Amino acid sequence: MRIERKFRQELGRRLLVWYRAHAADLPWRRSPNPYSVLVSELMLQQTRVAAVVAYYNRWMERFPDLAALAKASEAEVLRSWEGLGYYARARNLHRTAQLLVAEQGGRLPSRAEDLERLPGVGRYTAGAIASLAFGKRSPVVDGNVRRVFHRLFALPEETRADHLWEIAEALLPVPRDCAAHNSALMEIGRTVCMPRTADCPRCPVSDLCRSRGGRISLTRKRSPTRCEESAALIVQGDRTWLEPSLQGRYRGFWRLPMLDTVRMTNLGEACRLSYSITRYRVHLVVFRAEWREKESREGRWVSREELSELPLPIPHRRALDRMTSRPASSSAFPAPHARQAEAVAFPTVRK
DNA sequence: AACACGGGGTG
DNA sequence: CACCCAGTGTT
(Lines give C-alpha, C1' and ligand atoms only; values in the text may rest on other atoms or scores of the structure.)
Protein backbone atom coordinates (compact mmCIF):
# COMPACT_ATOMS: atom_id res chain seq x y z
CA MET A 1 0.00 0.00 0.00
CA ARG A 2 1.39 3.37 -0.99
CA ILE A 3 1.06 6.27 1.40
CA GLU A 4 1.19 9.77 -0.06
CA ARG A 5 3.56 12.13 1.62
CA LYS A 6 0.82 14.68 1.97
CA PHE A 7 -1.45 12.17 3.70
CA ARG A 8 1.33 11.11 6.04
CA GLN A 9 2.14 14.68 7.02
CA GLU A 10 -1.47 15.63 7.59
CA LEU A 11 -2.15 12.50 9.66
CA GLY A 12 1.01 13.04 11.69
CA ARG A 13 0.15 16.67 12.42
CA ARG A 14 -3.34 15.79 13.58
CA LEU A 15 -2.07 13.01 15.82
CA LEU A 16 0.45 15.27 17.52
CA VAL A 17 -1.97 18.14 18.04
CA TRP A 18 -4.60 15.77 19.39
CA TYR A 19 -2.13 14.02 21.67
CA ARG A 20 -0.82 17.23 23.20
CA ALA A 21 -4.37 18.06 24.24
CA HIS A 22 -5.70 14.62 25.14
CA ALA A 23 -2.88 12.48 26.47
CA ALA A 24 -4.00 10.82 29.68
CA ASP A 25 -1.99 11.65 32.75
CA LEU A 26 -0.44 8.26 33.46
CA PRO A 27 2.23 7.66 36.09
CA TRP A 28 4.81 6.28 33.63
CA ARG A 29 4.45 9.41 31.53
CA ARG A 30 5.44 11.65 34.43
CA SER A 31 9.13 10.81 34.20
CA PRO A 32 9.71 8.71 31.11
CA ASN A 33 13.04 7.13 31.95
CA PRO A 34 13.89 3.81 30.30
CA TYR A 35 13.18 1.73 33.40
CA SER A 36 9.68 3.13 33.90
CA VAL A 37 8.91 2.56 30.24
CA LEU A 38 10.19 -1.02 30.49
CA VAL A 39 8.09 -1.75 33.58
CA SER A 40 4.93 -0.12 32.25
CA GLU A 41 5.20 -1.78 28.85
CA LEU A 42 5.66 -5.23 30.36
CA MET A 43 2.68 -4.66 32.65
CA LEU A 44 0.58 -3.37 29.78
CA GLN A 45 1.03 -6.48 27.66
CA GLN A 46 -2.51 -7.83 27.27
CA THR A 47 -3.57 -5.80 30.27
CA ARG A 48 -5.66 -2.63 30.47
CA VAL A 49 -4.29 0.68 31.62
CA ALA A 50 -6.79 0.86 34.46
CA ALA A 51 -5.61 -2.46 35.85
CA VAL A 52 -1.94 -1.50 35.62
CA VAL A 53 -1.80 1.92 37.32
CA ALA A 54 -1.95 0.71 40.94
CA TYR A 55 0.50 -2.14 40.29
CA TYR A 56 2.90 0.20 38.55
CA ASN A 57 2.89 2.69 41.43
CA ARG A 58 3.50 0.00 44.04
CA TRP A 59 6.18 -1.57 41.86
CA MET A 60 8.14 1.64 41.43
CA GLU A 61 7.99 2.28 45.15
CA ARG A 62 9.32 -1.18 45.89
CA PHE A 63 11.74 -1.57 42.98
CA PRO A 64 12.69 2.00 42.01
CA ASP A 65 15.37 1.00 39.51
CA LEU A 66 16.95 -1.94 37.71
CA ALA A 67 19.45 -2.53 40.51
CA ALA A 68 16.72 -2.79 43.16
CA LEU A 69 14.75 -5.17 40.99
CA ALA A 70 17.78 -7.31 40.24
CA LYS A 71 18.47 -7.73 43.97
CA ALA A 72 14.91 -8.73 44.87
CA SER A 73 13.87 -12.34 45.39
CA GLU A 74 11.60 -14.01 42.88
CA ALA A 75 8.96 -14.49 45.57
CA GLU A 76 8.95 -10.75 46.24
CA VAL A 77 8.71 -10.01 42.53
CA LEU A 78 5.84 -12.46 42.02
CA ARG A 79 4.01 -11.20 45.10
CA SER A 80 4.18 -7.67 43.68
CA TRP A 81 2.78 -8.94 40.37
CA GLU A 82 0.12 -11.16 41.96
CA GLY A 83 -3.29 -10.45 40.45
CA LEU A 84 -1.95 -8.94 37.26
CA GLY A 85 -1.70 -12.29 35.49
CA TYR A 86 0.66 -13.62 32.83
CA TYR A 87 3.33 -14.24 35.43
CA ALA A 88 5.97 -15.10 32.86
CA ARG A 89 6.13 -11.33 32.37
CA ALA A 90 7.24 -10.82 35.96
CA ARG A 91 9.82 -13.59 35.78
CA ASN A 92 11.11 -12.17 32.48
CA LEU A 93 11.28 -8.63 33.84
CA HIS A 94 13.21 -9.89 36.85
CA ARG A 95 15.62 -11.82 34.62
CA THR A 96 16.04 -8.81 32.37
CA ALA A 97 17.01 -6.66 35.34
CA GLN A 98 19.53 -9.22 36.56
CA LEU A 99 20.94 -9.68 33.09
CA LEU A 100 21.35 -5.94 32.46
CA VAL A 101 22.88 -5.28 35.87
CA ALA A 102 25.31 -8.17 35.43
CA GLU A 103 26.34 -7.58 31.84
CA GLN A 104 25.36 -4.13 30.63
CA GLY A 105 26.21 -1.96 33.59
CA GLY A 106 22.54 -1.74 34.51
CA ARG A 107 21.63 0.14 31.33
CA LEU A 108 18.92 -0.68 28.85
CA PRO A 109 19.97 -0.78 25.21
CA SER A 110 18.36 1.93 23.12
CA ARG A 111 17.96 0.16 19.78
CA ALA A 112 14.85 -1.93 19.18
CA GLU A 113 16.98 -4.64 17.63
CA ASP A 114 18.96 -5.05 20.88
CA LEU A 115 15.97 -4.64 23.15
CA GLU A 116 14.22 -7.49 21.40
CA ARG A 117 16.82 -9.93 22.68
CA LEU A 118 15.75 -9.33 26.28
CA PRO A 119 13.45 -11.94 27.80
CA GLY A 120 9.83 -10.87 27.61
CA VAL A 121 10.57 -8.10 25.11
CA GLY A 122 9.15 -8.85 21.69
CA ARG A 123 8.74 -6.72 18.61
CA TYR A 124 6.09 -4.45 20.05
CA THR A 125 7.76 -3.83 23.41
CA ALA A 126 11.16 -3.26 21.80
CA GLY A 127 9.67 -0.63 19.51
CA ALA A 128 7.81 0.96 22.39
CA ILE A 129 10.89 1.30 24.57
CA ALA A 130 13.09 2.50 21.71
CA SER A 131 10.62 5.20 20.70
CA LEU A 132 9.08 6.20 24.03
CA ALA A 133 12.20 6.03 26.18
CA PHE A 134 14.94 6.85 23.67
CA GLY A 135 13.15 8.83 20.99
CA LYS A 136 14.17 6.39 18.28
CA ARG A 137 12.32 6.22 15.00
CA SER A 138 10.86 2.78 15.75
CA PRO A 139 7.33 1.73 14.84
CA VAL A 140 4.92 0.00 17.21
CA VAL A 141 2.00 -2.23 16.35
CA ASP A 142 -0.15 -3.39 19.22
CA GLY A 143 -3.82 -4.31 19.38
CA ASN A 144 -4.81 -0.66 19.34
CA VAL A 145 -2.66 0.31 16.38
CA ARG A 146 -3.82 -2.76 14.50
CA ARG A 147 -7.46 -1.79 14.97
CA VAL A 148 -6.88 1.87 14.09
CA PHE A 149 -5.07 0.88 10.89
CA HIS A 150 -7.76 -1.61 9.93
CA ARG A 151 -10.37 1.11 10.11
CA LEU A 152 -8.28 4.01 8.87
CA PHE A 153 -7.20 2.18 5.71
CA ALA A 154 -10.17 -0.19 5.46
CA LEU A 155 -7.81 -3.13 5.46
CA PRO A 156 -9.10 -6.59 4.63
CA GLU A 157 -9.47 -8.94 7.54
CA GLU A 158 -6.67 -11.21 6.35
CA THR A 159 -4.04 -8.43 6.34
CA ARG A 160 -0.68 -9.82 7.42
CA ALA A 161 1.09 -8.57 10.51
CA ASP A 162 4.15 -7.65 8.44
CA HIS A 163 2.07 -5.28 6.39
CA LEU A 164 0.84 -3.49 9.50
CA TRP A 165 4.44 -3.01 10.58
CA GLU A 166 5.30 -1.57 7.18
CA ILE A 167 2.46 0.90 7.46
CA ALA A 168 3.50 1.87 11.00
CA GLU A 169 7.04 2.45 9.79
CA ALA A 170 5.94 4.44 6.75
CA LEU A 171 3.83 6.76 8.90
CA LEU A 172 6.57 7.65 11.38
CA PRO A 173 7.42 11.35 11.52
CA VAL A 174 10.82 12.87 12.30
CA PRO A 175 12.53 11.14 15.25
CA ARG A 176 11.80 13.97 17.66
CA ASP A 177 8.06 13.31 17.45
CA CYS A 178 8.01 9.52 17.33
CA ALA A 179 7.23 9.03 21.01
CA ALA A 180 4.15 11.24 20.81
CA HIS A 181 3.19 9.82 17.41
CA ASN A 182 3.24 6.21 18.62
CA SER A 183 1.56 7.12 21.89
CA ALA A 184 -1.14 9.01 20.01
CA LEU A 185 -1.96 6.06 17.78
CA MET A 186 -2.31 3.75 20.77
CA GLU A 187 -4.20 6.31 22.81
CA ILE A 188 -6.73 6.85 20.04
CA GLY A 189 -7.22 3.11 19.79
CA ARG A 190 -7.69 2.84 23.53
CA THR A 191 -10.00 5.79 24.10
CA VAL A 192 -11.68 6.66 20.79
CA CYS A 193 -11.39 3.94 18.18
CA MET A 194 -12.43 1.13 20.48
CA PRO A 195 -13.19 -2.47 19.51
CA ARG A 196 -16.97 -2.34 19.75
CA THR A 197 -17.56 1.34 19.27
CA ALA A 198 -15.63 3.93 17.33
CA ASP A 199 -16.42 7.40 18.59
CA CYS A 200 -15.73 9.08 15.24
CA PRO A 201 -16.94 12.55 16.21
CA ARG A 202 -14.14 12.67 18.78
CA CYS A 203 -11.50 11.32 16.42
CA PRO A 204 -8.91 13.77 15.09
CA VAL A 205 -8.42 11.79 11.88
CA SER A 206 -11.98 10.70 11.14
CA ASP A 207 -12.10 12.70 7.90
CA LEU A 208 -9.03 10.79 6.70
CA CYS A 209 -10.58 7.46 7.62
CA ARG A 210 -11.70 5.03 4.95
CA SER A 211 -14.23 3.17 7.06
CA ARG A 212 -15.54 5.71 9.55
CA GLY A 213 -16.11 3.38 12.46
CA GLY A 214 -17.11 0.16 10.77
CA ARG A 215 -17.01 -2.82 13.02
CA ILE A 216 -13.97 -4.98 13.04
CA SER A 217 -15.10 -8.51 12.48
CA LEU A 218 -14.77 -10.47 15.66
CA THR A 219 -12.98 -13.76 15.66
CA ARG A 220 -15.16 -16.36 17.26
CA LYS A 221 -13.65 -18.35 20.03
CA ARG A 222 -14.36 -21.81 21.15
CA SER A 223 -16.37 -22.09 24.32
CA PRO A 224 -14.46 -22.64 27.53
CA THR A 225 -13.58 -26.13 28.65
CA ARG A 226 -14.91 -27.04 32.03
CA CYS A 227 -12.46 -28.33 34.65
CA GLU A 228 -12.70 -29.41 38.24
CA GLU A 229 -10.02 -28.91 40.82
CA SER A 230 -10.07 -30.00 44.42
CA ALA A 231 -7.71 -28.62 47.01
CA ALA A 232 -7.14 -29.32 50.67
CA LEU A 233 -7.17 -26.90 53.57
CA ILE A 234 -4.96 -28.39 56.27
CA VAL A 235 -4.56 -26.36 59.41
CA GLN A 236 -2.32 -26.75 62.42
CA GLY A 237 -2.94 -24.12 65.07
CA ASP A 238 -2.93 -20.84 63.17
CA ARG A 239 -0.85 -22.15 60.28
CA THR A 240 -1.92 -23.51 56.94
CA TRP A 241 -0.08 -26.07 54.86
CA LEU A 242 1.03 -24.69 51.49
CA GLU A 243 3.08 -26.26 48.75
CA PRO A 244 5.35 -24.66 46.18
CA SER A 245 4.31 -24.70 42.56
CA LEU A 246 7.38 -25.99 40.74
CA GLN A 247 6.20 -25.76 37.17
CA GLY A 248 3.43 -24.53 34.97
CA ARG A 249 1.73 -21.17 34.92
CA TYR A 250 2.05 -20.70 38.69
CA ARG A 251 5.72 -21.63 38.93
CA GLY A 252 7.19 -19.81 41.91
CA PHE A 253 3.82 -19.46 43.64
CA TRP A 254 2.57 -21.16 46.80
CA ARG A 255 -0.75 -22.92 46.80
CA LEU A 256 -3.13 -25.20 48.61
CA PRO A 257 -2.20 -28.86 48.10
CA MET A 258 -4.31 -30.94 45.80
CA LEU A 259 -6.64 -33.16 47.76
CA ASP A 260 -5.05 -36.59 48.04
CA THR A 261 -7.29 -39.02 49.84
CA VAL A 262 -4.54 -41.57 50.18
CA ARG A 263 -2.37 -39.36 52.38
CA MET A 264 -5.15 -37.15 53.77
CA THR A 265 -8.39 -37.60 55.62
CA ASN A 266 -11.17 -35.62 54.05
CA LEU A 267 -13.07 -33.68 56.73
CA GLY A 268 -15.67 -32.17 54.43
CA GLU A 269 -16.21 -29.33 52.05
CA ALA A 270 -15.03 -25.90 53.18
CA CYS A 271 -15.81 -23.73 50.18
CA ARG A 272 -16.19 -23.74 46.44
CA LEU A 273 -15.57 -21.08 43.85
CA SER A 274 -15.23 -20.79 40.08
CA TYR A 275 -12.80 -18.84 38.01
CA SER A 276 -11.81 -18.55 34.39
CA ILE A 277 -8.33 -18.96 33.05
CA THR A 278 -7.74 -18.46 29.34
CA ARG A 279 -10.04 -21.04 27.75
CA TYR A 280 -10.94 -22.95 30.89
CA ARG A 281 -13.73 -22.54 33.36
CA VAL A 282 -12.44 -24.05 36.58
CA HIS A 283 -14.61 -25.14 39.48
CA LEU A 284 -12.48 -25.26 42.59
CA VAL A 285 -13.69 -27.13 45.66
CA VAL A 286 -11.71 -26.85 48.86
CA PHE A 287 -12.00 -29.58 51.48
CA ARG A 288 -10.82 -29.36 55.02
CA ALA A 289 -8.43 -32.19 55.62
CA GLU A 290 -5.90 -33.75 57.97
CA TRP A 291 -2.65 -35.46 57.23
CA ARG A 292 -2.57 -39.18 57.43
CA GLU A 293 0.98 -39.19 56.22
CA LYS A 294 2.79 -36.00 55.27
CA GLU A 295 6.14 -37.60 54.46
CA SER A 296 7.47 -37.01 50.96
CA ARG A 297 5.42 -33.85 50.43
CA GLU A 298 7.23 -30.62 49.74
CA GLY A 299 5.66 -27.72 51.53
CA ARG A 300 5.51 -25.71 54.74
CA TRP A 301 3.25 -24.43 57.43
CA VAL A 302 2.44 -20.80 56.78
CA SER A 303 1.17 -18.28 59.32
CA ARG A 304 -1.30 -15.59 58.41
CA GLU A 305 1.42 -12.94 58.39
CA GLU A 306 3.57 -14.97 56.02
CA LEU A 307 0.53 -15.59 53.86
CA SER A 308 0.39 -11.91 52.98
CA GLU A 309 3.99 -11.98 51.76
CA LEU A 310 3.99 -15.15 49.69
CA PRO A 311 2.77 -15.18 46.10
CA LEU A 312 -0.47 -17.15 45.74
CA PRO A 313 -2.71 -17.68 42.72
CA ILE A 314 -5.69 -15.35 43.09
CA PRO A 315 -8.26 -18.15 43.32
CA HIS A 316 -6.33 -19.81 46.14
CA ARG A 317 -5.82 -16.47 47.87
CA ARG A 318 -9.55 -15.89 47.64
CA ALA A 319 -10.46 -19.30 48.95
CA LEU A 320 -8.09 -18.81 51.89
CA ASP A 321 -9.45 -15.36 52.63
CA ARG A 322 -12.94 -16.72 52.59
CA MET A 323 -12.11 -19.60 54.87
CA THR A 324 -9.68 -18.06 57.33
CA SER A 325 -10.90 -14.52 57.84
CA ARG A 326 -13.56 -14.64 60.47
CA PRO A 327 -13.55 -11.14 61.96
CA ALA A 328 -15.51 -10.80 65.21
CA SER A 329 -15.81 -14.54 65.41
CA SER A 330 -14.28 -16.80 68.04
CA SER A 331 -13.62 -19.68 65.73
CA ALA A 332 -10.85 -19.27 63.23
CA PHE A 333 -12.41 -21.62 60.73
CA PRO A 334 -15.86 -22.49 59.54
CA ALA A 335 -17.74 -25.14 61.43
CA PRO A 336 -17.44 -28.65 60.08
CA HIS A 337 -19.78 -29.37 57.28
CA ALA A 338 -22.65 -31.59 58.36
CA ARG A 339 -22.19 -34.26 55.79
CA GLN A 340 -18.98 -35.83 54.66
CA ALA A 341 -18.44 -34.38 51.25
CA GLU A 342 -17.50 -36.77 48.54
CA ALA A 343 -13.88 -36.64 47.63
CA VAL A 344 -12.80 -35.73 44.15
CA ALA A 345 -9.55 -37.57 43.87
CA PHE A 346 -7.73 -35.43 41.35
CA PRO A 347 -8.54 -32.48 39.18
CA THR A 348 -9.78 -33.65 35.86
CA VAL A 349 -9.51 -31.84 32.60
CA ARG A 350 -11.95 -32.84 29.92
CA LYS A 351 -10.99 -31.81 26.42
C1' DA B 1 0.20 -20.99 12.45
C1' DA B 2 -1.82 -22.25 16.69
C1' DC B 3 -1.81 -22.28 21.40
C1' DA B 4 -0.94 -21.16 26.39
C1' DC B 5 -0.83 -17.76 29.41
C1' DG B 6 -4.61 -14.53 34.29
C1' DG B 7 -7.47 -11.65 35.75
C1' DG B 8 -10.70 -8.11 35.59
C1' DG B 9 -13.55 -4.62 33.16
C1' DT B 10 -17.32 -3.64 29.97
C1' DG B 11 -21.68 -3.92 27.48
C1' DC C 1 -22.17 -14.20 30.12
C1' DA C 2 -19.16 -13.11 26.03
C1' DC C 3 -15.65 -10.51 24.66
C1' DC C 4 -11.40 -8.20 25.04
C1' DC C 5 -7.17 -6.19 26.64
C1' DA C 6 -0.16 -1.20 25.12
C1' DG C 7 2.03 -9.49 23.44
C1' DT C 8 5.54 -13.11 24.07
C1' DG C 9 7.33 -17.67 23.90
C1' DT C 10 6.71 -22.36 22.70
C1' DT C 11 5.33 -26.05 19.81
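Only this structure's heavy atoms are used, side chains among them; waters, hydrogens and symmetry mates stay out. Residue numbering restarts at 1 for every chain, and letters A, B, ... go by the order of the sequence lines. What you are looking at is a predicted structure, and each value in this text was computed from that prediction instead of being measured.
- Ion pairing of A/D162 with A/R123 is present here, as a side-chain N (NZ or NE/NH1/NH2) and a carboxylate O approach within less than 4.0 Å.
- Closest approach to the A/I277 side chain among C/dA6, C/dC5, B/dG6 is made by B/dG6 (side chain taken as heavy atoms from C-beta onward).
- Of the candidate nucleotides B/dG7, C/dA6, B/dA4, B/dG7 has the atom lying nearest to any side-chain atom of A/Y87.
- Partners of A/Y56 by ring-ring contact (aromatic ring centres under 6.0 Å, His included), not counting sequence neighbours, listed by chain and number: A/W28.
- At B/dC5, none of the side-chain N or O atoms of A/R279 fall inside 4.0 Å of OP1 or OP2 (strictly under the cut-off).
- With rounding to whole Å, A/L115 atom CG is found 15 Å from C/dG7 atom C1'.
- Among the nucleotides C/dA6, C/dC5, B/dG7, the one closest to any side-chain atom of A/L26 is C/dA6.
- As judged by a 4.0 angstrom heavy-atom cut-off over every strand, A/W28 is placed among the base-contacting residues.
- Scored by the ring-ring contact (aromatic ring centres under 6.0 Å, His included) test, A/F63 finds A/W59 as partners (sequence neighbours excluded).
- The pair A/E82-A/R317 meets the salt-bridge criterion, since a charged nitrogen lies less than 4.0 angstrom from a carboxylate oxygen.
- Counting any heavy atom pair closer than 4.0 Å across all strands shown, A/F253 reaches no nucleic acid atom.
- Remark: C1' of C/dA6 and CZ of A/F149 are 14 Å apart, rounded to the nearest angstrom.
- Put simply, CD on A/Q247 is 15 Å from C1' on B/dA4, counting in whole angstrom units.
- At a non-hydrogen distance threshold of 4.0 Å, A/G122, A/R123, A/Y124, A/T125, A/D142 from residues 122-142 of chain A come into contact with DNA chain C.
- Every residue was checked against the side-chain hydrogen bond (donor to acceptor under 3.5 Å, both in side chains) condition with A/R8, not counting sequence neighbours, and none meets it.
- Among the heavy atoms of the strands, none lies under 4.0 Å from A/R117.
- With sequence neighbours excluded, the residues satisfying side-chain hydrogen bond (donor to acceptor under 3.5 Å, both in side chains) with A/R263 are A/D260.
- Side-chain contact check for A/I3 versus A/I167: some heavy-atom pair is nearer than 4.5 Å.
- Taking a 4.0 Å limit (strictly below) on heavy-atom distances, residues 41-65 of chain A reaches DNA chain B at A/Q46, A/T47, A/R48.
- Distance A/Y275 OH to B/dC5 C1': 13 Å, rounded to the nearest Å.
- Distance A/L93 CG to C/dG7 P: 16 Å, rounded to the nearest Å.
- The side chain of A/M186 lies closest to C/dA6, out of C/dG9, B/dA1, C/dA6.
- Residue A/R89 places none of its side-chain N or O atoms closer than 4.0 Å to OP1 or OP2 of C/dT8.
- Taking the salt bridge (Lys or Arg N to Asp or Glu O under 4.0 Å) definition, one finds that A/E306 meets it with A/R239, A/R300, sequence neighbours left out.
- The ring-ring contact (aromatic ring centres under 6.0 Å, His included) search around A/W241 returns A/W291, A/W301, not counting sequence neighbours.
- The existence of a salt bridge linking A/R292 and A/E290 is excluded, since no basic side-chain nitrogen approaches an acidic carboxylate oxygen closer than 4.0 Å.
- Protein atom NE2 of A/H316 is 14 Å distant from nucleotide atom C1' of B/dG7, rounded to whole Å.
- For the side-chain hydrogen bond (donor to acceptor under 3.5 Å, both in side chains) test, residues two or more places apart in sequence or in another chain that qualify with A/E10 are A/R13, A/R14.
- If you check B/dG7, C/dA6, B/dC5 against the side chain of A/I314, the one that comes closest is B/dG7.
- Distances from the side chain of A/R281 to the nucleotides B/dG8, C/dC1, C/dC5 place C/dC1 closest.
- A close approach under 4.0 Å does not occur between any side-chain nitrogen or oxygen of A/R190 and OP1 or OP2 of C/dA6.
- Where A/R29 and A/N92 meet DNA chain C, the nucleotide closest to each residue was compared, and A/R29 sits on the side nearer the 5' end.
- When the C1' atom of C/dT8 is taken as reference, atom CG of A/L38 falls 14 Å away, rounded to whole Å.
- Among the protein residues, A/R318 comes within range of the sugar-phosphate backbone only, with heavy atoms under 4.0 Å from sugar or phosphate atoms but none that close to a base.
- A ring pair (Phe, Tyr, Trp, His ring centres under 6.0 Å) check over residues 249-272 of chain A, counting only residues at least two apart or in different chains, returns the pairs A/Y87-A/F253, A/Y250-A/F253.
- With sequence neighbours excluded, no residue satisfies ring-ring contact (aromatic ring centres under 6.0 Å, His included) with A/H283.
- Annotation: proximity of residues 161-179 of chain A to DNA chain B (heavy atom, distance under 4.0 Å) is found for no residue.
- Residue A/R160 is in sugar-phosphate contact alone, with no base atom involved, counting any heavy-atom pair closer than 4.0 Å across all strands shown.
- Set against B/dA4, C/dA6, C/dG7, the side chain of A/Y86 has C/dG7 as its closest nucleotide.
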